[in-house]
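Computed from a predicted structure; not experimentally measured. Because only heavy atoms are used, hydrogens play no part in the values below, and waters and symmetry mates are left out as well, while side chains stay in.
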Amino acid sequence: VDAKSTKDEL
Amino acid sequence: MNVFRLCGDMSHVFSIVVLLLRLRVAKNASGISLRTHELFLLVFLTRYTDLFTTYYSLYNSCMKIAYILSTASIVYMIRLSDPICTTYDKAQDTFRHWAFAVGPCAVLATLTHFISGEGSGYSLFVNIQELLWTFSIYLESIAILPQLILLQRYREVENLTGNYIFFMGSYRALYILNWIYRTYYEPGYRHHYVAYFCGVLQTLLYADFFYYYMQSKRRGGRFSLPT
């Protein structure tokens, strides 16, 4: 699963 | 973490605090849509399944838990807590959120998940998690609709309810600036176009509200929506 994308946001 | 995202998150937190205070202090839920908050609770529960699988930062984990708990307590108060629940006007809160929000978002999420091939090569569990994440992005973009429709019915908007919606709208608008910033200054930043599309849609849904909100603030008078 990719970090550094909108997935590390809320 | 950049200044736009931080301000966006703070705006989001602030909107929730404003609403919690309004419910607790005024002990009144009139003009507030339970359906919107049930949708937000579903958004948080489906998006933050990564609480158990991926650790990003203490800040992220705490905020995720705070969003889930605060939204759950808003839903609890409007549904069950006496005397607040007796002031909730169920007859006015009529947006068919299952048929027109949850259902279509589930279909769209499934379609984009499979068309994009996003989950190929991952385990079934990760696929479900990714699917739920996409679903939550779609659902968040329209979760405010029951509240906006309820507002149209009442026309006279209470100050705190108006502030709540204003900060809720500002949050996603600030996130758009955050995405632009990250695109320029963060090498290796991966784009999720579904999230961008939904973020813009979500902000646009507030545009009309923003306009009347600003006008009423400038006049310093009462806030009412046109017919």
Q.
Given 3.5 Å as the limit, does a donor-acceptor pair link the side chain of B:N60 with the main chain of A:D8, or not?
A. yes
- More than 12 foreign heavy atoms under 6.0 Å from CZ of B:F210: is that the case here? yes
Check: Do A:T6 and B:Y196 have side chains that get closer than 4.5 Å, going by heavy atoms?
Finding: yes
Heaviest contributor of heavy-atom pairs below 4.5 Å to chain A, chosen from B:F44, B:Y48, B:Y175, B:Y67, is B:Y175
Inset, instruction - Please confirm whether the backbone N or O of A:K4 pairs with a side-chain atom of B:R190, one donor and one acceptor, at under 3.5 Å? - result: no
Residues at least two apart in sequence or cross-chain that pass side-chain hydrogen bond (donor to acceptor under 3.5 Å, both in side chains) with B:Y206, listed by chain then number, are none
CD of B:E130 to NZ of A:K7, rounded to nearest 0.5 Å, is 3.5 Å
Across all chains, not counting sequence neighbours, the side-chain hydrogen bond (donor to acceptor under 3.5 Å, both in side chains) partners of B:S33 are B:D93
Among residues 164-172 of chain B, residues within the sub-4.5 Å heavy-atom range of chain A, in order of number, are B:Y171, B:R172
Would you find more than 12 non-hydrogen atoms of other residues, nucleotides or ligands less than 6.0 Å from B:Y55 atom OH?
yes
The side-chain hydrogen bond (donor to acceptor under 3.5 Å, both in side chains) partners of A:E9 (sequence neighbours excluded) come to B:N178, B:W179, B:R182
Within the 4.5 Å heavy-atom criterion, are B:Y59 and A:L10 side-chain neighbours or not? yes
